[in-house]
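The chains referred to below are lettered A, B, ... by the order of the sequence lines, with proteins before strands, and numbering in each begins at 1.
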Amino acid sequence: MSTGVGAVTTGRLFVPRVRRRLAASQFVYGLCWLIVAIAVFFAIFGPYVRPHDPNYSMLQFQYVGPFQAQGYLLGFDSQGRDLLSRLMVGARTSMLGPLLVALMSMGAGAVISVAAAWWGGWVDSVLGTILDILFAFPGILLAVLTAAVFGAGLAAPTIALAIAYTPYIARVLRSAAVRERAREYIAAAEVQGVSAWSICARHLVPNLGRLVVAQATLVFAWAMVDLASISFLGLGVQPPTADWGVMVSTGETGVLQGYPLESLSAGLCIVLVVVAVNLLGERMAERGERKLG
Amino acid sequence: MIRSRLIPIAVALAAGALLAGCGRPLPTAADLGGGASSASAVAALSPTTTPPTKDWNKPVVWALYRMVDTLNPIQAFDYPENTVDTALCDSLLRQEPDGTIVSGVATATYPTPTKLVLNLRTGPRFWDGHPVTSADVLFDLERAASTKDGSFYPQVFDRVKSMSAPNPTTVVVTLKEPDYWLEGELSQMAGIVYEKSYALREGKQFGTPQGLTMCTGPYEPKKWIPGESLTAVANPHYWDSTLQPKVHELIFKGIGQDATLTSGLETGAVNGTYAQGIATYNQLKRDKSLSVIDGPAANVDAMVIDNLKGVLGDVRVRQAISDAINREALIAAVYHGASQMPRTLESPGQWGYGQPVFEKDWAHLPPMTVNLDKAKALIRAAHATGKSIVIGTTQQISSLATDANVVRQAAVEIGLKVTIKSVSAQDYIALFTSAAARKGIDMFPTSNYGDYADPAALYNTVVMPGGSQNYDNWDNPAMVRDLNLARSTANPDLRASYVAKVGDMIATQLPWIPLDDPDTVLIESHYLTGAPVSFVYMGGPWANMMGAR
Amino acid sequence: MSAVAAAPGRRGPHLSPLARFILRRIGLLVLALLVSSFVIFISLNLAPGDPLSALSGGRSLSKATAAALTREYHLDDPVLVRYWDYLKAVVLHFNLGTSIQFREPVSTLIGQRIGVTAELVAYSAVLIIVFGVGAGIVAALRRGAVDGSIIAVSTVLAAVPSFVAAIVLIAIFAVDLHWLPALGNGSGFAGSIEHLTLPAIALAASAFAVVTRVTRVTVRAELGLEHVQTAVSRGIPWPLVVRRHVLRNASIPITTVVGITVTSLFALCTVVEQAFNLNGIGAALINAALEKDFGVVQGISLVLVGAFVLANAIVDLLYAFLDPRVAIGARAS
């Protein structure tokens with residue numbers, strides 16, 4: 001969810017899982033891993049394994065449906081291009097941007113929260129205030145603004161979203177980091193004269209690791225929705241590049257004519273990956289919280 | 001628990017069923033026929049519709065592809081402005097639905113070949129009640145001819161030596177040499193009549209939402225909310241009793257997206273439009289609450305070649321690309337059949353005079369059907385294999401996006417490398433007016449037209465040195481000579497023969513690459529009738545012909 | 001939402017923790033408004049090329065227009081002076097800039113279009129409250145299959161971007177079933193409701209999922225508490241227990257999450273308005289971004305971000321009033 005309402009649920013209001021649910025949930029989580037694995041596979045290898053050229057258009061086959069033409073499993077899109085190939089190739093731009101957003105906000109968030117937790121006092125206050133202000137800017141509006149300033153494309157909105165999501169990671173990490181910082185083994189290390197950097201790098205950060213990754217996963221999911229929305233609006237990835245958000249947009253006239261496959265298949269890809277990543281992220285967050293106590 | 005696991009499976013199955021059922025079946029050979037169109041196929045399309053029997057008192061909402069920018073006629077050069085200006089205002093001469101030019105507010109006579117005398121009728125009055133005088137007309141013409149007021153039309157007057165108003169009902173235009181194109185231009189934006197004192201009083205506000213305009217025409221603008229709507233009301237004192245407005249109120253709106261336009265037409269929120277390449281054509285044709293009518297058109301879809309210094313400077317490369325384009329598929333996909341195969345940069349709907357000559361010429365020109373082998377051979381001969389070109393387009397207008405894509409496909413098929421450069425719809429219009437915008441682009445698609453029903457009107461802008469759409473100094477002496485001859489020739493058939501010769505040259509030299517000749521498509525609510533289905537909506541009165549069935 | 005520990009025994013005027021919280025929150029509100037307005041303002045300078053070409057969106061300007069724009073935006077003055085003028089213009093005169101495309105003040109454009117956006121957001125908010133909270137309560141009170149399916153549906157819905165929801169709704173309800181119109185505003189009240197139904201559902205869909213889940217968790221947590229068991233064992237009828245004991249206490253976090261969710265609608269409305277071609281300020285913002293009409297981008301961004309910041313602050317303050325723990329100084333993080 002793009003404006004971080006998800007952060008409200010994470011790490012605060014969970015009730016303990018009931019045991020007998022475990023069997024069903026294992027199946028579901030297995031499925032999630034499978035979906036993510038498939039998506040990552042196509043993000044990396046899509047351009048090499050796709051059956052046809054995603055940009056080769058044969059206009060006379062516009063909107064022809066699945067299983068009609070030999071070798072064109074999902075049929076054709078609004079410009080007569082192979083839909084399946086475009087979905088495969090589109091995985092890359094659809095997932096690369098969110099990955100960068102997650103990594104950047106993870107890095108920035110971790111640095112800020114560890115710094116705030118370590119030094120405490122006024123550093124914590126100032127950083128906290130900065131984060132509170134960053135919370136004020138909804139990610140998608142910042143992305144629209146940067147697209148207006150720097151022109152349409154993937155780079156500017158990605159950076160904008162990374163900035164907008166940093167506070168969500170930082171906030172969750174900060175409370176955990178504060179608790180961790182207060183632990184005895186950290187105090188012991190300090191007494192022994194181990195440097196601050198060393199303690200942070202070798203103890204604080206790795207112990208927060210699970211939580212960081214969990215939160216970053218959620219950021220990935222939100223960023224995927226936001227970047228797809230930006231591309232849908234025409235401010236992100238531009239047609240004719242294959243990208244799931246773009247395909248939902250170019251397929252809209254098809255929907256009106258009764259040929260919804262282009263839009264719906266691309267939309268389904270987005271939804272499946274986001275659901276899978278969301279579920280995995282929440283599970284990781286829950287486990288990470290329990291571990292830290 | 002078990003049920004909740006079943007839900008996603010059930011959803012997946014349903015989704016699978018839905019997906020399998022979507023989409024068109026494979027097209028058959030019959031479906032793909034667009035084929036060569038003969039002139040008679042176009043002639044079979046009628047430019048007029050059943051005349052109305054009654055007035056219509058409810059507002060009629062008319063859709064344009066974007067909202068008008070200005071009501072100042074000398075700054076009008078695009079579909080929305082032309083459509084609205086011709087609905088509201090009169091020109092000195094008038095275009096009929098079939099393209100012929102007759103008297104409008106004035107009648108034109110030639111006491112000598114270099115003297116055009118415009119005699120103003122006594123009937124026409126401006127909306128404020130003042131009569132039209134030669135002072136008004138002279139002011140309007142001088143403004144259109146001047147480069148100082150932002151006019152797009154100075155070039156139209158380049159054979160004019162001087163203009164004068166010897167008495168209140170006469171304007172005399174003295175020419176350096178005979179100019180039989182001037183009449184056509186005076187039937188369009190350059191000849192629109194508005195009141196001098198009003199324009200001077202409004203100054204910079206003239207033509208804006210605050211200043212509006214002051215004409216003699218059948219509809220008077222009452223309210224203009226920028227970016228949203230322009231409301232015009234029927235002029236009860238319109239001077240021409242044969243063309244009284246029958247629809248009481250017109251509301252013009254800008255609707256850019258096919259989706260919104262379709263929905264508006266189907267729900268009755270929009271009552272009419274002259275559609276251009278609307279994706280839902282077939283669906284709208286099936287809708288019982290709408291009439292979808294095809295008519296002859298004067299516009300031409302083509303690829304503008306704005307860089308003759310690059311790869312496209314070689315005529316063999318241009319011919320090769322042209323031979324590789326699958327125009328039948330384009331016509332089927334973008335226009336669903338409502339367009340004609342071109343034979344040169346001309347449309348049969350442009351023959352407002354000299355029809356026999358043009359028809360004969362058209363018949364002997366070959367239609368531009370696909371010939372991939374010939375195209376590949378030409379590319380090899382030109383040593384252009386592997387060279388790169390850049391096609392500009394905008395993704396926001398789907399027909400232009402598709403045009404670019406089809407041409408890209410053709411170029412790639414014959415061994416060229418293609419980059420597509422997409423700009424916003426606003427920047428796309430800048431391609432026509434700004435050299436900076438065109439930098440780095442070799443060609444871009446257009447749906448283009450001449451100001452009146454004459455193939456020369458478009459040729460003039462494209463191949464004449466200094467032409468408004470001649471972007472890279474195209475200069476072919478034979479074309480220049482024949483066009484100048486045409487311009488000076490009084491006899492219509494003889495004039496047509498010169499123009500036809502230029503058309504023949506254009507067909508092989510390809511300063512622009514023709515794509516197709518779209519029909520005029522009129523879509524209106526079923527209870528309306530009478531509006532013309534020809535290009536007259538861009539040059540002459542049209543709205544006052546519309547009424548209720 | 002404060003990261004600062006409310007350390008007892010601090011020096012300063014004697015304010016109750018609640019008052020301190022409110023003051024700090026309002027301070028944060030003002031700071032956030034200043035910073036976001038500055039970011040929006042300074043973005044004009046960040047655009048490649050000079051501010052004048054950014055303002056014109058690359059269109060060619062006559063000398064007169066260029067001079068007028070330079071004057072209006074004080075492009076010759078130093079940055080901070082310009083920012084101050086900009087703030088004054090916005091706050092005192094409601095001058096949000098001029099649209100280059102329409103040649104009209106941005107405030108006029110906003111005035112024409114904000115009604116649609118407000119209706120859309122209100123309609124969505126109602127749907128979120130009624131169905132989101134409702135589903136959450138039902139899921140919490142009834143366990144088993146109902147609970148499971150509500151969770152499953154809300155998990156999926158949370159992942160559906162609003163534009164995908166829009167397309168699906170259009171495909172099913174407008175194109176296939178012809179129940180509701182696909183696009184456009186509609187006129188009059190009934191027409192508006194009809195035309196805004198699908199967009200409101202699309203907008204509400206992903207947001208409503210979060211509300212459902214939080215409501216469910218909160219109500220469940222309340223159900224497990226001692227005072228509820230006590231009330232039941234005393235023989236008070238179950239519906240009364242639910243209403244008086246469970247829901248009342250659960251209302252605090254529920255109100256908060258509803259508030260946060262509705263706030264997020266201000267940002268998401270841009271996507272939905274564009275997908276359904278509604279004539280609201282969100283669509284106007286996107287069109288201005290595409291057409292490089294910078295004045296409009298700045299003006300509408302300011303309005304939307306300002307609304308977002310303000311709504312967030314209101315939600316926080318509301319939470320402070322409702323949650324007694326804030327009043328006694330516990331950390332409201």
Side-chain angles (χ1 to χ4, degrees), chain A residues 1-6 8-9 13-15 116 124-125 127-129 131-133 135-142 144-152 171 174-175 221 225-226 228-229 232-235 245 248-249 251-252 255-258 260 263-264 267-268 270-272 274-275 278-279, chain C residues 1-4 28 31-32 35-36 39-40 43-44 46-48 54 155-156 158-164 167-168 170-171 175 182 206-207 210 213-214 217-218 220-221 253 256-257 260-261 263-264 266-268 270-271 274-275 285-286 288-290 292 294 297 301 304-305 308-309 312 333:
Chain A
M1 252 245 28
S2 72
T3 50
V5 185
V8 172
T9 57
L13 299 170
F14 265 98
V15 293
D124 191 13
S125 301
L127 285 177
T129 310
L131 290 178
D132 283 335
I133 293 176
F135 269 120
F137 233 110
I140 208 167
L141 285 185
L142 190 59
V144 170
L145 187 62
T146 46
V149 170
F150 296 107
R171 190 175 69 167
R174 191 203 147 278
S175 9
V225 170
D226 277 351
S229 306
F232 170 82
L233 293 172
L235 293 169
V248 176
S249 166
E252 194 169 0
V255 171
L256 285 176
Q257 294 175 62
S263 285
L264 289 187
L268 188 66
I270 298 175
V271 171
L272 283 177
V274 172
V275 169
N278 256 329
L279 286 178
Chain C
M1 315 291 156
S2 145
V4 175
L28 202 60
L31 195 57
V35 170
S36 24
V39 167
I40 292 175
S43 58
L44 184 63
L46 292 174
T155 307
V156 171
V160 175
S162 38
F163 66 96
V164 173
I167 298 287
V168 170
I170 290 176
V175 177
S206 52
V210 180
R213 294 165 72 189
V214 171
V217 168
T218 315
R220 274 281 178 81
T256 313
V257 79
I260 296 174
T261 308
T263 305
S264 74
F266 289 128
L268 291 174
T270 51
V271 181
Q274 193 71 348
L285 172 64
I286 303 300
L290 288 168
K292 302 244 182 55
F294 214 80
V297 172
S301 293
L304 285 176
V305 173
F308 187 82
V309 170
N312 256 327
S333 67

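- Looking at A/Ala228, both its backbone and its side chain come within 4.5 Å of chain C, counting heavy atoms on both sides.
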Query raised in the report: Please walk me through it: do C/Phe266 and A/Leu141 pass side-chain contact (heavy atoms from CB on, under 4.5 Å)?
Result: CA-CA 9 Å; C/Phe266 289 128; A/Leu141 285 185; over 6 Å; no
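- Evaluation of the side-chain contact (heavy atoms from CB on, under 4.5 Å) rule for C/Ser162 yields C/Leu268, C/Val271, C/Val272 as partners, not counting sequence neighbours.
- Here C/Ile286 contributes atom CD1 and A/Phe232 contributes atom CZ; the two are 10.0 Å apart, rounded to the nearest 0.5 Å.
- Between A/Phe137 and C/Ser36, the shortest heavy-atom distance links the atoms CE1-CB, 3.4 Å.
- Both the backbone and the side chain of C/Val168 come within contact range of chain A, each with at least one heavy atom under 4.5 Å from a heavy atom of that chain.
- For the pair C/Leu290 and A/Gly234, the tightest heavy-atom approach, listed with the atom from each and the gap, is CD2-O, 3.5 Å.
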Report task. Mind running side-chain contact (heavy atoms from CB on, under 4.5 Å) on C/Thr155 and A/Asn278 for me, showing each step along the way? Result -> CA-CA 9 Å; C/Thr155 307; A/Asn278 256 329; 5.7 Å; no
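- C/Ala32 and A/Ile133 make their closest contact through CA-CG2, 4.2 Å (heavy atoms, listed as atom of the first residue, atom of the second, distance).
- Between A/Val274 and C/Ala159, the shortest heavy-atom contact is CG1-CB, 3.5 Å.
- Atom CG of C/Asn312 is separated from atom CG of A/Asp132 by 10.0 Å, given to the nearest 0.5 angstrom.
- With C/Phe163 as the partner, the side-chain contact (heavy atoms from CB on, under 4.5 Å) test is satisfied by one option alone out of A/Ser249, A/Ser229, A/Ser263: A/Ser229.
- The choice from C/Val160, C/Ile167, C/Val305 that makes the most heavy-atom pairs within less than 4.5 Å of chain A is C/Ile167.
- At least one side-chain heavy atom of C/Pro161 sits less than 4.5 Å from a side-chain heavy atom of A/Val271.
- Of the listed residues (A/Val275, A/Leu233, A/Thr146), the one with the most heavy-atom contacts under 4.5 Å to chain C is A/Leu233.
- Of all the listed residues (A/Val144, A/Leu131, A/Leu127, A/Leu142), the one sharing the greatest number of non-hydrogen pairs under 4.5 Å with chain C is A/Val144.
- Between C/Phe294 and A/Ala148, the shortest heavy-atom distance links the atoms CE1-O, 3.9 Å.
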